[in-house]
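Beneath this line is the structure, given in structure tokens, with notes to follow.
We name chains A, B, ... by the order of the sequence lines, and we start the count at 1 in each one.
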Number of protein chains: 2
Amino acid sequence: MRWGVEKRLEFIEFRLFWEGGINRADIVDQFGVSVPQASKDLTLYEEKAPGNLIYDKSAKRYKAADDFKPVFMQPNASTYLAHLRETNGGASGVTEAWLASAPEHDALPIPHRRVEADVLRDVLKAIREGHSIEVFYQSMSAKKPSPEWRRISPHALGNDGLRWHIRAFCHIDHKFKDFILSRCMKTRKHGLSGASANDDKLWHDRFVVALAPNPALSESQRSIIAQDYEMTNGRTEVMVRKALLYYFLKRLRLDFADKLDNPHEVPVVVANRAAFDAALAEATA
Amino acid sequence: MRWGVEKRLEFIEFRLFWEGGINRADIVDQFGVSVPQASKDLTLYEEKAPGNLIYDKSAKRYKAADDFKPVFMQPNASTYLAHLRETNGGASGVTEAWLASAPEHDALPIPHRRVEADVLRDVLKAIREGHSIEVFYQSMSAKKPSPEWRRISPHALGNDGLRWHIRAFCHIDHKFKDFILSRCMKTRKHGLSGASANDDKLWHDRFVVALAPNPALSESQRSIIAQDYEMTNGRTEVMVRKALLYYFLKRLRLDFADKLDNPHEVPVVVANRAAFDAALAEATA
DNA sequence: ATGATGGGTATATAAACTATACGCATCTTC
DNA sequence: GAAGATGCGTATAGTTTATATACCCATCAT
């Protein structure tokens with residue numbers, strides 16, 4: 001079967017599963033095929049996945065059967081929700097909108113400067129080819145009130161939950177650091193790399209964070225949290241790169257577990273706090 | 001031009017732009033077409049986007065020209081980064097991997113219980129058709145240590161930055177509330193709706209949060225933050241649904257701006273705090 | 001030099017798709 | 001309850017797209 005046909009069958013199944021029904025017109029709109037071809041596709045789908053399709057004459061629409069069994073995809077809630085979040089952002093790009101009758105939805109607006117496509121492109125190139133590169137970077141340090149050209153040897157990208165960082169060797173400070181991608185205004189001058197990616201210890205080393213329900217919660221609440229985090233014996237372990245450990249602390253609000261009035265706010269606490277603090281000290285040194 | 005051809009040209013351009021080069025083999029792998037067809041596609045691309053393509057005989061690979069001008073897509077860094085994050089998760093689903101030589105990357109691991117596809121599917125159905133539905137829900141309240149069947153009339157989905165909520169009218173408490181999607185274990189019994197989506201005031205009302213750089217920062221740092229958040233006159237306004245306001249506070253760590261030792265941690269503060277607190281009180285009442 | 005690899009192209013053939021047309025069932029409108 | 005609109009199904013002939021196979025060329029490693 002040709003790739004285009006396969007995609008259309010997948011599309012039919014996607015719509016049936018997540019949106020409950022599909023039309024010839026849906027296929028025509030999505031893929032620009034002719035109406036007879038859309039008919040053939042539906043017939044073909046019925047052949048390949050017998051019993052999944054039921055035509056509702058009254059609604060003039062194919063509906064998913066009660067015992068619908070997907071054969072062209074594995075339904076995954078996270079994937080659907082990720083798509084949903086994308087439709088919110090507006091810019092679709094590669095992923096076209098397979099969601100037609102999406103539910104009303106909204107995500108928290110995270111205000112931020114946009115990342116320049118050309119900057120990202122050049123950084124990716126430097127990572128790929130093992131170059132160093134100069135970035136016109138706005139540092140937060142008080143000594144540098146305006147952006148400066150800095151040479152860095154990038155080797156990876158990291159996401160802290162709110163924004164993306166470049167993980168790179170800094171040719172000025174002679175160590176590996178994070179550079180916030182959106183603070184790179186422009187790039188220039190590829191050059192020789194200043195360090196091997198393998199030497200970025202904090203990036204490659206991972207610390208195993210042990211999480212436990214906040215002991216300030218009631219027992220029944222603790223057990224609910226344990227289920228939420230899929231804990232076994234009231235514990236769950238999360239491997240976190242040391243370079244990301246600081247952001248992990250902040251994102252999960254682990255730094256305030258004890259100081260907060262309401263334990264409800266911080267469902268989990270770090271169970272191996274001493275080791276955690278040591279690792280964090282190492283990472284932020 | 002047929003949909004499949006268009007997609008292949010788009011793919012060629014995507015790879016050229018973000019990964020710098022492309023091969024016949026890449027096209028064959030991605031779309032399962034024959035080798036001569038991949039050749040034709042490259043020729044066709046050169047026709048449609050003259051000058052973008054340069055064959056590097058030594059590397060045996062087409063490379064993007066220095067003055068590469070995309071014609072089949074608008075390059076968007078956010079879209080690329082969203083794809084990158086998806087590849088991390090593993091589950092691809094609808095979006096196939098257009099990223100071949102992706103850079104090394106990692107995102108913060110957010111430990112969480114998975115959402116059941118069948119649950120989400122049934123909730124979507126209820127929203128779409130305006131039904132109520134029973135969910136086997138694990139509430140956090142101390143009075144309900146184990147999951148219970150609750151009838152709700154869902155009308156929207158909301159994301160708080162860490163997880164998805166169902167926004168629904170609760171038939172037990174007779175008001176609109178958030179239900180954490182991953183705490184819905186199963187669903188059953190569609191029924192009549194208990195309320196109109198329009199009556200969910202906190203969902204439809206939005207509060208305009210005014211954000212300003214943390215005054216505890218130095219002047220130059222404040223101006224950097226102002227740029228980060230694309231502020232004008234040291235302010236930016238963000239429209240937030242009242243139903244999401246509480247999560248906005250938590251996510252941006254706005255509740256600790258003054259208590260924190262290090263203002264660096266909280267780049268922005270709420271400039272219209274009194275109105276904000278009033279709106280928040282209304283939302284959490 | 002030799003072979004492996006990757007690209008270009010030509011041919012005949014097969015598959016996929018279009019345009020057009022017509023028939024059928026359901027629902028809405030008058 | 002007839003008329004019209006809509007949506008599905010299917011048949012035909014013709015076009016586009018893609019395949020399989022073949023052969024040639026350039027570059028590079030050995």
Under 3.5 Å, which donor-acceptor pairs link side chains of residues 100-108 of chain B to any protein atom two or more places apart or in another chain?
from	atom 1	to	atom 2	distance (Å)
B/S101	OG	B/E19	OE1	3.3
B/E104	OE2	A/W203	NE1	2.7
B/H105	ND1	B/P103	O	2.8
B/H105	NE2	B/L84	O	3.1
B/H105	NE2	B/T87	OG1	3.2
B/D106	OD1	B/N88	ND2	3.3
B/D106	OD2	A/R241	NE	2.7

For D/dC28, take OP1 and OP2 only and decide whether either is under 4.0 Å from a side-chain N or O of B/S58. yes
Quick one: side chains of residues 58-73 of chain A, donor-acceptor pairs under 3.5 Å with protein atoms, not counting sequence neighbours, listed by atom name and distance.
from	atom 1	to	atom 2	distance (Å)
A/R61	NH2	A/G21	O	3.0
A/K63	NZ	A/D56	OD2	3.4

Could you state the CZ-P distance from A/R2 to D/dT16, rounded to the nearest angstrom? 15 Å
Regarding A/R163 and A/D178, does a basic nitrogen lie under 4.0 Å from an acidic carboxylate oxygen? no
How many whole angstroms separate atom NZ of B/K40 from atom P of D/dA20? 12 Å
Distance in angstrom units between A/D26 CG and D/dG7 P, rounded: 11 Å
As a test of reading the structure: which of D/dT19, D/dT17, D/dT21 is closest to the side chain of B/P36, going by heavy atoms? D/dT21
Over how many whole Å does the gap from A/Y55 atom OH to D/dG7 atom P extend? 9 Å
Going by heavy atoms in the side chains, are A/E46 and A/Y55 under 4.5 Å from each other? no
Toward the 5' end of DNA chain C, which comes first, A/D56 or B/R61, by nearest nucleotide? B/R61
Output the rounded distance in Å from CG (A/L44) to P (D/dG9). 13 Å
Minimum heavy-atom distance between A/P75 and A/W18, given as atom pair plus value: CB-CZ2, 4.3 Å
Students often get this wrong, so: under 4.0 angstrom with heavy atoms, is B/V35 touching a base, only sugar-phosphate, or nothing? nothing
Could you give the CD1-to-P distance, from A/I27 to D/dG7, as a whole number of Å? 14 Å
Could you give the NZ-to-P distance, from A/K63 to D/dC8, as a whole number of Å? 13 Å
Reckon A/S39 touches a base, only the sugar-phosphate, or nothing at all at heavy-atom distances under 4.0 Å? base
So does A/R24 get a side-chain nitrogen or oxygen closer than 4.0 Å to the phosphate oxygens (OP1/OP2) of D/dC8? yes
Would you say B/S153's side chain and B/G194's backbone share a donor-acceptor pair under 3.5 angstrom? yes
Polar side-chain atom of A/H204 near backbone of A/A197 as donor-acceptor pair, under 3.5 Å: yes
To the nearest angstrom, the CG-P distance between B/N23 and D/dT27 comes to 17 Å
Heavy atoms under 4.0 Å, any strand shown: does B/K60 hit a base, just sugar-phosphate, or nothing? base
Along DNA chain C, first and last positions that approach a heavy atom of chain B under 4.0 Å: C/dT5 to C/dC17
